[in-house]
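Let me begin by presenting the structure, written as structure tokens, before commenting on it.
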Amino acid sequence: MSSDFYTTFIQPHSGIIIKICRAYTNSQEDFEDYFQEVCLQLWRSKDNFKEDADWSTWVYRLSLNVCLTLLKKKKNNAQNFASDYLPLELYEESKAFPDEDLAMLYDAIRQLSEIDRAIILLYLEEKSNKEIADTFQVTPNNIGVRIKRIKERLKKILNGKVN
């Protein structure tokens with residue numbers, strides 16, 4: 001992967017990639033593997049980008065798909081990662097959260113269903129209901145209702161009322 005590709009296409013979106021990978025992993029090692037695989041797949045797939053959506057939406061979708069695929073592979077005990085390089089600045093940014101509240105939030109997010117995790121991550125990225133709806137090909141109203149339910153579930157999880 002060229003440093004130009006990384007600087008131009010990955011680095012500006014590293015925040016969402018990190019959040020998605022963090023939400024679907026439980027350890028630093030898994031996080032690094034998922035992040036590396038997402039970056040590799042972005043590089044491999046860059047020529048498939050058809051510009052019918054924003055680059056950031058495409059990055060989000062691809063990142064989510066890679067993480068879900070790796071999660072399924074991990075459940076089947078078949079981990080195959082094609083890359084083993086994580087840039088130092090992203091490694092430092094991705095380490096266990098120094099803020100305990102943020103770490104607790106990600107632990108709670110990991111308890112959500114895969115689709116609810118994806119929705120709440122976009123919400124936390126301050127995407128509009130319409131942008132989130134476009135990503136999942138549903139109505140903005142549907143997303144609004146789901147976000148409300150997800151927030152309620154997260155509150156229960158964080159208050160220790162749900163496992």
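Since we're looking at a predicted model, the values are computed, not measured.
- Considering all non-hydrogen atoms of both residues, Q41 and L62 come closest at CB-CD2, 3.8 Å.
- Distance check: I20 CD1 to L68 CG gives 9.0 Å after rounding to the nearest 0.5 Å.
- When all heavy atoms of G144 and N129 are compared, the closest pair comes out as CA-ND2, 3.5 Å.
- With hydrogens and angles left out, the side-chain atoms of E32 and Q36 include no donor and acceptor closer than 3.5 Å.
- Residues that satisfy the salt bridge (charged side-chain N to carboxylate O under 4.0 Å, His left out) test with K151, not counting sequence neighbours, are absent from this structure.
- Applying the side chain to side chain donor-acceptor pair (under 3.5 Å) criterion to N65, with sequence neighbours excluded, gives no partner residue.
- Between W43 and C39, every side-chain heavy-atom pair lies at or beyond the 4.5 Å cut-off.
- Across every non-hydrogen atom of V66 and E37, the tightest pair is CG1-CG, 3.8 Å.
- Two residues are said to be in side-chain contact when any heavy atoms from C-beta on lie closer than 4.5 Å; C21 and S63 fail this criterion.
- Under a hydrophobic clustering in which Ile, Leu, Val, Met, Phe, Trp and Tyr are joined whenever their side-chain heavy atoms come within less than 4.5 Å, directly or via other members, V145 and I119 fall into different clusters.
- Applying the salt bridge (charged side-chain N to carboxylate O under 4.0 Å, His left out) definition to pairs two or more places apart or across chains, those involving residues 127-143 are K130-D134.
- Residues L42 and W58 are in side-chain contact: their nearest non-hydrogen atoms beyond the backbone lie under 4.5 Å apart.
- Scanning for salt bridge (charged side-chain N to carboxylate O under 4.0 Å, His left out) contacts around E152 gives K148, with sequence neighbours left out.
- Every residue meeting the side-chain contact (heavy atoms from CB on, under 4.5 Å) condition with V138, not counting sequence neighbours, appears here in chain and number order: A133, F136, N142, I143.
- Atom CG of L64 is separated from atom CD1 of I17 by 12.0 Å, given to the nearest 0.5 angstrom.
- Side-chain contact between D33 and L70 is absent, with no heavy-atom pair separated by less than 4.5 Å.
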Q.
side chain to side chain contact (heavy atoms under 4.5 Å, CB included), that's the test. Do I147 and I132 meet it? Break it down for me.
A. CA-CA 10 Å; I147 289 171; I132 298 170; 4.0 Å; yes
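- A donor-acceptor contact shorter than 3.5 Å links the side chain of Y60 to the backbone of A118.
- Applying the side chain to side chain donor-acceptor pair (under 3.5 Å) rule to D116 yields the partners S113, R146; only residues at least two apart in sequence or on another chain are considered.
- E125 is linked by a side chain to side chain donor-acceptor pair (under 3.5 Å) to K19, counting only residues two or more places apart in sequence or in another chain.
- Exactly one residue among L112, I109, I115 makes a side chain to side chain contact (heavy atoms under 4.5 Å, CB included) with I150. That residue is L112.
- By the side-chain contact (heavy atoms from CB on, under 4.5 Å) test, L71 is found to be paired with Y24, Y34, K75, E114, R117, residues two or more places apart in sequence or in another chain being considered.
- Judged by the 6.0 Å and 45° rule, R22 forms a cation-pi pair with F31.
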